[in-house]
Amino acid sequence: MSGGGPPRKRNFKIEAFKHRVELDPKYAERTWKVLEHAIHEIYNHNASGLSFEELYRSAYNMVLHKYGEKLYTGLQSTMTWRLKEISKSIEAAQGGLFLEELNAKWMDHNKALQMIRDILMYMDRTYVPTSHKTPVHELGLNLWRDHIIHYDMIHDRLLHTLLDIIHRERMGEVINRGLMRSITKMLMDLGPVVYQDDFEKPFLEVSASFYSGESQEFIECCDCGNYLKKAERRLNEEMERVSHYLDAGSDAKITSVVEKEMIANHMHRLVHMENSGLVNMLVDDKYEDLGRMYTLFRRVPDGLSTIRDMMTSYLRETGKQLVTDPERLKDPVEFVQCLLNEKDKHDKIIHVAFGNDKTFQNALNSSFEFFINLNNRSPEFISLYVDDKLRKGLKGATEEDVEAILDKVMMLFRYLQEKDVFEKYYKQHLAKRLLSSKTVSDDAERSMIVKLKTECGYQFTSKLEGMFTDMKTSQDTMRDFYAKKSEELGDGPTLDVHILTTGSWPTQPSPPCSLPPEILAVCEKFRAYYLGTHNGRRLTWQTNMGTADIKATFGKGQKHELNVSTYQMCILMLFNSADGLTYKDIEQGTEIPAVDLKRCLQSLACVKGKNVLRKEPMSKDISEDDTFYFNDKFTSKLVKVKIGTVVAQKESEPEKQETRQRVEEDRKPQIEAAIVRIMKSRRVLDHNSIVAEVTKQLQARFLPNPVIIKKRIESLIEREFLERDKADRKLYRYLA
Amino acid sequence: MYFLASLLNRIIFSLVILRFLTSDFMMDLGLLPERDADMIMVEGTSQLCNDLLVDPQDVVMLVISWHMKAATMCEFTRQEFFDGLQSIGVDSIEKLREKLPSLRAEIKDDHKFREIYNFAFAWAREKGQKSLALETAIGMWRLLFDGRHWPLIDHWCQFLQVKHNKAISRDTWSQLLEFVKTIDPQLTNYDEEGAWPYLIDEFVEYLTENGCVQRRK
């Protein structure tokens, strides 16, 4: 634009047609009649004779000339009339043809609707939106819904037919799935609400009562495993049914119906079923059944916890019986092997059938922890089991086998609440193994120590390691001793000394007995040699822990080598200077304490095959009036006869009490140390918190009794480590 | 009974070194006027009781000892004796005698009773011991709780003789007072988590087992 000022008006304008095309109302009516006729023809399958273009233009003109409403209402009423006719023909269909007729008519209607919609497309796009009317296609569906589906005569019959077909298929008949598919698709097309209200809801209800009945029937006559198989089959069937001819949205719904009726409602009965329930499956290792139960029960709320709770109570009950059965407890090694077997068995079940489910693993662990600790001899027995394995059980085993077995034992160890009791016994048993050189493999021993150290820390195993060190050092010492002193010793008895550091080894104080002079001589030489190189130490002979190999010649010249304990050696050596000795003579000559003396004499004189001594009278027990004679007539098939062994075995009742007492005594300072540690850092703390903290600190070793903790606190108050707060008597203060 | 018994024991078994305070005052008391004496011991205490016209078992002796901050039963040092008389506010035996009722009444005062009670532990102890011998403790308790009416006193003493048979620690002694003051005789407000000494816990158990109280477990 050049210059300013408003744009200059142009001289020409574009105007609408000046001459109006008025539509004659009669023309409108005529046009409508044509269209109406076309609709009928379409429904009569005579569409081929129609000209699409003409019809389209007619419709277009009507709308253009503001006859849209007439067109629309005409369409409505025509279609309605049509559908009413259709409904009658459907209604008239007999039996099985009903559904087919309905389906066929539906197909027709859809085709017709499409054509009609195409013809009336202009109206659909202009008049319909502006007048807020339902679009043609939708209108067609709605009319179908209202006049066919919701038509009384058809509605119920349709539903019953569908449900009946499904029922027949459930009962094993083969049905026309394609037809079903078509019908359900029809319902979905009419709107999800139609599908749900007119089919799905009743379908679910009927299914629920069907499965309720069937499950009741099954459960009366089937065992648990078979029932679960049937339930699984039904579930799969339903899922398949949905995928074939129901709407996908029904999948979750019907599945949950089956789950509820067949599984959830009968969970407890199934699990508790006699002779075939969960317990039987566990006992008989029925992996497949268990797996099926797991997958099925996982689908329902509380399903898995039902299984888990039952399994837990079963384990606890069986476990409790196992650990309190006196028969089982006679052989500790067998007992522990049983425990290990049970653990293995259930581990496998959880692995194979329960998919390594962690919650089940935890339930297993807590059950084992529960019943293992019911028997307060469990720590001792587990130690005896390890002793047996390390002594002979693992002979010839590969390194892997050894590791596997020890790892399994460690699993049991972890369950123990009183780990300090285990430590005490392990020390005792290890000492016996080391001193009698009865260990199958040094590596295996070391491996066990390492595992204990990993589990419990350095302090737990430091003394045990000390024992190994002592053995090694003793070997070196003996080697040096013989290297330096061999000429001096000449032909005397060969000595093998184990020097034990007090504190590392289990204490068994006992006065030394009277050694035979030959032995005493060489012992003194050793003592002098040792103290010469280790100033300031004190050596005490532990005559109750040693062994001796002695050569004996009997009446007919048979020579045997006897492996005996040191005590027994002292006794036998006395018979070098006398053929017969009374009990009192022996007692005086050896100075062995009475209890041990009786035991030794028992094994020397009263055990068949080992009776190198003869006793008069020939009674079973040793009395102080007995006399003993060298048994000239002794025979044995073996050249080497083992008589005395220092083998680890289950403690007698009084021994057990003693050990238990020592453990309790050991615990007191540990509890006090924990209390002092806690109070030192917290300064002021109330009673319950102290008990909780102490328990937490010590739980790796044992479970402290709150009453004992209270007594220790009072003892510390007495010794002025703590005091009660002046204002609140439940608070304690640390006194620096 | 117990108090007297232990008093007699001391008369029989202890070495009685009679050394007395030298002063006119002491001469008034009629005690032997030996030179360089500075302790009243057993016999002297007995004499004192006579002059005051009180039974040596009388709890007022405890109150007087408390005022004197006496370290040990039946013994008074010169310092303790004079300071005590001063704190009581008297300077003659007659005046002390007159004061006796009011001294006895001090037991009734809650605050003073607590102090006297706690004082009694160390006072009744054997010299050099940390704990209080059971018999002495029982005697003291009977004496102290007689005027305060603790209904469970008999059960307590019986329980100790049957179940405990050992000396009493200081903590137990002082906590018992708390127990008497706060817990009602039917033990309805006894709390197991109440950090009571274990001896008191055992006492409660004993009472429950023997049906002396009904406890809701």
Side-chain angles (χ1 to χ4, degrees), chain A residues 661 664-665 667-698 702-736, chain B residues 110-111 113-115 117-119 121-122 124-126 128-134 136-137 159-160 163-184 187 189-209 215 217:
Chain A
Q661 226 175 353
E664 295 293 335
E665 281 304 311
R667 285 179 180 177
K668 285 186 185 163
Q670 290 178 62
I671 294 177
E672 287 193 359
I675 296 173
V676 171
R677 253 199 316 273
I678 291 164
M679 290 308 291
K680 203 164 172 184
S681 83
R682 307 279 278 254
R683 296 276 139 189
V684 179
L685 201 55
D686 69 282
H687 183 87
N688 288 342
S689 300
I690 295 186
V691 172
E693 280 293 320
V694 168
T695 310
K696 202 163 78 160
Q697 276 203 15
L698 294 173
F702 62 91
L703 199 62
N705 183 339
V707 173
I708 308 276
I709 298 180
K710 191 183 251 199
K711 287 192 187 175
R712 292 294 102 216
I713 292 178
E714 285 179 39
S715 170
L716 288 169
I717 292 177
E718 192 66 5
R719 282 135 64 197
E720 292 172 38
F721 281 88
L722 304 175
E723 64 173 5
R724 284 186 197 259
D725 184 80
K726 308 257 182 324
D728 178 2
R729 45 170 299 282
K730 288 199 242 191
L731 280 180
Y732 300 103
R733 283 181 179 282
Y734 181 70
L735 294 171
Chain B
D110 268 351
H111 186 68
F113 178 75
R114 176 188 288 269
E115 288 192 28
Y117 177 89
N118 282 325
F119 162 81
F121 182 81
R125 242 185 346 202
E126 294 278 347
Q129 293 292 323
K130 248 201 155 153
S131 307
L132 184 56
L134 186 60
T136 320
F159 158 73
L160 287 172
K163 291 276 194 173
H164 187 54
N165 258 326
K166 285 186 280 205
I168 302 293
S169 70
R170 179 181 271 288
D171 185 58
T172 308
W173 177 268
S174 50
Q175 288 300 303
L176 184 72
L177 182 62
E178 299 306 314
F179 186 79
V180 171
K181 286 178 93 149
T182 54
I183 305 294
D184 74 75
L187 304 181
N189 57 342
Y190 169 80
D191 176 15
E192 272 118 9
E193 314 272 314
W196 294 106
Y198 87 93
L199 195 57
I200 292 182
D201 288 337
E202 288 190 353
F203 177 54
V204 170
E205 239 182 78
Y206 170 87
L207 290 174
T208 323
E209 274 169 21
R215 287 213 3 110
K217 287 268 168 182

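These numbers come from the heavy atoms of this one structure, side chains and all, not from hydrogens, waters or symmetry mates. Labels below follow one simple rule: chain letters A, B, ... track the order of the sequence lines, proteins then strands, and each chain is numbered from 1.
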* To do: Go through the atoms of B/E178 and report whether side chain, backbone, both or neither lie under 4.5 Å from a heavy atom of chain A.
  => side chain

* **Residue B/T172 versus chain A: region with a heavy atom under 4.5 Å** => side chain

* May I ask you to check whether over 12 heavy atoms, not counting those of B/K163, lie within 6.0 Å of atom NZ? => no

* For atom CZ of A/F721, is the number of surrounding heavy atoms from other residues, nucleotides or ligands below 6.0 Å larger than 12? -> no

* To do: Can you tell which part of A/K710 gets under 4.5 Å to a heavy atom of chain B, answering side chain, backbone, both or neither?
  => side chain

* **Backbone of B/Y198 reached by a side-chain donor or acceptor of A/E714 within 3.5 Å** => yes

* Has the side chain of B/R170 got a donor or acceptor atom that lies under 3.5 Å from a matching backbone atom of A/I717? -> no

* Structure fact -> On a heavy-atom basis, the closest approach of B/S169 and A/E718 is CB-OE1, 3.2 Å

* Would you say B/P197 and A/R724 make side-chain contact, with heavy atoms under 4.5 Å? -> yes

